[in-house]
Amino acid sequence: MQENQIVIDAIINGEKVKTEKQEPRENPARPSEIVGFAPVNTREDAIRAINAANDAFAIWKETSIEDRIERMKKAIEKIKDATPEISKLLSREHGKPLYDAEGEIGVSLMWMEFACNNAQEVLSSEILEHETGKTIIAHDPLGVVAAITPWNYPLSLSTIKIAPALLAGNTMVLKPSPLAPLAVSKVVELIAEEFPNGVLNLVHGEADVGVELTSNPNIAKIAFTGGTGTAKHIMKAAADTIKNMTLELGGNDAAIILKDFDVNDERAMRRLVISNFLTAGQICMIAKRVYVDKEIYDQFVDKYLEVANKWIRVGNPFNKDVTIGPVNNLKQMEYVQSLIDDAKSKGAKVIKLGKVLDKEIFNEGYFMQPTVVLDADYQDRIVVEEQFGPAVPILPFDNDEHAVELVNDSIYGLTSSVWGEEEHAIKVAKRIQAGTTMINTAAVQGLDVRFPFGGVKQSGIGREYGKEGLLAYTDTHVINVPINGELPYIPE
Ligand code: NAD
């Protein structure tokens with residue numbers, strides 16, 4: 001092992017557990033460089049972690065909310081102190097530029113703080129005194145939560161689950177993606193240290209571990225973020241024991257540019273470009289297809305290219321001038337390229353954007369120069385599939401009716417955005433099928449941890465963030481004390 005490589009362990013019942021087999025994690029900017037090694041856990045390890053979490057639940061659920069908040073706040077301080085080290089590690093294993101990695105930690109902390117500040121109010125029982133008696137509406141913890149997360153935002157998509165689950169009195173077994181397992185493990189370790197053994201467990205591995213986590217009878221809830229295809233397997237695995245679930249899945253988020261959008265508003269255009277290409281397009285809520293009113297289509301495209309060419313600078317994630325790093329893995333890169341090639345072969349125009357700053361590593365790493373695709377067909381794969389990478393189609397529409405029709409013609413409904421005069425944009429927004437619609441910005445930039453976030457249709461079930469994101473880890477328990485518990489119409 002080399003000096004700057006790190007090895008992480010699983011955490012089961014408060015103990016660091018080594019595995020016989022370990023998986024190397026490469027640096028996507030220089031795949032010959034191994035950043036570190038993650039354990040490859042077995043189903044047996046997953047069962048041990050679930051049993052530990054189940055035992056811990058019996059004690060943890062009885063602790064006070066004040067105790068839980070205090071522990072979480074200590075974990076927050078430790079993560080803040082470790083931010084410089086963790087962000088560098090995240091950048092190296094993921095490929096996202098350093099500013100982007102720091103931003104991810106920032107959002108994670110913001111959410112953890114929101115959860116701590118609101119837990120008492122949201123999770124406390126409500127007591128109603130009324131004409132028929134007294135009712136307690138309690139928010140009971142569910143039990144052991146299986147949290148399964150993807151590679152694109154490993155830290156924020158884990159803490160989005162850990163904070164509310166533990167604050168509500170649940171315990172957890174978390175499994176991150178093998179494609180970005182290192183930085184998230186450091187964060188989980190810092191949190192787990194502040195909690196009693198078994199409250200927060202960490203296992204690594206692939207689908208076999210995932211299957212155990214989603215079918216084991218001791219798992220009460222699944223909190224999953226990942227692909228819609230994987231979620232279908234998970235729902236089947238969980239069916240036998242009817243588990244509670246929050247599913248945050250894929251999207252094919254659209255941006256609608258209305259005819260009253262000011263194409264010369266450079267800041268707005270820049271927001272749109274960033275909303276298409278941040279993290280090399282590997283964000284669930286990135287604007288993945290852009291529809292423009294045909295009346296302004298040509299001016300729009302000209303200005304878009306001008307602004308995109310300024311902001312997009314591809315290269316080494318540690319180069320401070322770089323805005324976009326490599327794609328996280330070879331499979332994803334090849335998939336995105338196949339969508340571009342497919343559109344091109346059918347006559348679409350492919351335009352590369354921005355500058356390549358670090359040419360010496362461009363061919364070695366999983367770099368793609370961000371691309372817009374013009375003149376694609378509405379049904380081309382680049383338009384209807386979730387590309388999850390730096391390639392975006394821009395297409396014209398005839399009128400608002402047509403735009404709404406095109407946007408809603410999708411199995412997905414995660415986020416969307418409408419750009420133009422405010423009242424007009426809100427009117428169109430109300431007709432879009434999505435969990436979030438932003439006006440004159442897109443979800444990646446308009447995101448706020450106070451807003452409940454999630455999808456409709458095959459983009460998911462349930463909400464994370466906001467007060468709903470705290471309540472998602474509870475079941476409502478009504479305790480009723482009636483003055484007279486008899487129905488008036490039952491005869492003597
Ligand atoms: P993925 O579905 O391939 O993997 C997600 C996780 O599931 C990984 O930890 C993986 O190991 C695990 N897994 C794989 N097979 C499993 C099985 N049979 N049972 C249980 N677990 C299993 O997703 P990915 O490629 O890591 O992430 C990209 C996808 O995630 C995209 O579709 C993206 O839109 C989506 N995503 C959604 C949101 C959201 O909030 N809606 C956020 C980020 C990413």
Side-chain angles (χ1 to χ4, degrees), residues 23 25 38-41 43 46 94 96 104 107 111 146-161 173-181 184-185 202-216 219 222-239 243 245-253 278-288 327-333 335-336 385-389 410-416 434-436 443-444 447 449 451-465 469 472:
E23 179 79 14
R25 177 62 206 150
V40 180
N41 286 110
R43 279 187 87 144
H94 185 284
K96 59 176 75 182
E104 181 176 348
V107 173
W111 163 247
I148 301 177
T149 55
W151 50 264
N152 67 321
Y153 271 69
L155 271 46
S156 60
L157 296 171
S158 295
T159 49
I160 206 173
K161 299 169 177 51
V173 181
L174 185 135
K175 190 201 89 61
S177 163
L179 292 166
V184 63
S185 298
L202 172 72
V203 290
H204 289 266
E206 251 305 343
D208 56 335
V209 173
V211 168
E212 189 58 49
L213 290 178
T214 50
S215 59
N216 189 299
I219 294 293
I222 298 165
F224 172 75
T225 304
T228 297
T230 311
K232 291 179 187 179
H233 291 295
I234 289 177
M235 286 187 99
K236 284 180 194 147
K243 297 187 191 308
M245 280 187 207
T246 299
L247 302 176
E248 296 287 359
L249 312 178
N252 191 10
D253 299 1
L278 188 69
T279 321
Q282 304 164 115
I283 310 184
C284 56
M285 60 178 118
I286 209 97
K288 293 174 179 142
V327 169
N328 171 269
N329 59 80
L330 181 62
K331 193 170 151 216
Q332 194 61 26
M333 184 174 103
Y335 172 66
V336 179
E385 292 184 23
E386 180 188 35
Q387 67 272 49
F388 217 62
S410 171
I411 59 164
Y412 298 114
L414 192 59
T415 79
S416 54
T436 303
V444 274
L447 182 83
V449 299
F451 307 158
F453 177 82
V456 303
K457 300 199 276 188
Q458 293 189 32
S459 285
I461 298 175
R463 294 292 178 266
E464 293 186 311
Y465 285 150

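Only this structure's heavy atoms are used, side chains among them; waters, hydrogens and symmetry mates stay out. We count ligands from 1, going down the list as the structure has it; atoms in each ligand are counted the same way.
With sequence neighbours excluded, no residue satisfies side chain to side chain donor-acceptor pair (under 3.5 Å) with Lys331. Partners of Glu248 by salt bridge (Lys or Arg N to Asp or Glu O under 4.0 Å), not counting sequence neighbours: none found. Scored by the side chain to side chain donor-acceptor pair (under 3.5 Å) test, Glu385 finds Tyr335, Arg381 as partners (sequence neighbours excluded).
To the nearest 0.5 Å, atom OG1 of residue Thr228 and atom CD of residue Glu386 are 7.0 Å apart. Rounded to the nearest 0.5 angstrom, Ile219 CD1 and Glu212 CD are separated by 8.5 Å.
Ring orientation note: the planes of Trp151 and His94 are tilted relative to one another, at an angle of 30° to 60°.
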May I have the N/O to N/O pairs between ligand 1 and the protein that fall below 3.5 Å, each with atom names and distance to one decimal?
{"from": "ligand 1", "atom 1": "2 (O)", "to": "Gly227", "atom 2": "N", "distance (Å)": "2.8"}
{"from": "ligand 1", "atom 1": "2 (O)", "to": "Thr230", "atom 2": "OG1", "distance (Å)": "2.6"}
{"from": "ligand 1", "atom 1": "9 (O)", "to": "Thr149", "atom 2": "O", "distance (Å)": "2.8"}
{"from": "ligand 1", "atom 1": "9 (O)", "to": "Lys175", "atom 2": "NZ", "distance (Å)": "3.0"}
{"from": "ligand 1", "atom 1": "11 (O)", "to": "Lys175", "atom 2": "NZ", "distance (Å)": "2.8"}
{"from": "ligand 1", "atom 1": "11 (O)", "to": "Glu206", "atom 2": "OE1", "distance (Å)": "3.3"}
{"from": "ligand 1", "atom 1": "23 (O)", "to": "Gly227", "atom 2": "N", "distance (Å)": "3.4"}
{"from": "ligand 1", "atom 1": "25 (O)", "to": "Trp151", "atom 2": "NE1", "distance (Å)": "3.0"}
{"from": "ligand 1", "atom 1": "26 (O)", "to": "Trp151", "atom 2": "NE1", "distance (Å)": "3.4"}
{"from": "ligand 1", "atom 1": "30 (O)", "to": "Gly226", "atom 2": "O", "distance (Å)": "3.4"}
{"from": "ligand 1", "atom 1": "32 (O)", "to": "Glu386", "atom 2": "OE1", "distance (Å)": "2.8"}
{"from": "ligand 1", "atom 1": "34 (O)", "to": "Glu386", "atom 2": "OE2", "distance (Å)": "2.5"}
{"from": "ligand 1", "atom 1": "41 (N)", "to": "Leu249", "atom 2": "N", "distance (Å)": "3.1"}
{"from": "ligand 1", "atom 1": "41 (N)", "to": "Leu249", "atom 2": "O", "distance (Å)": "2.7"}

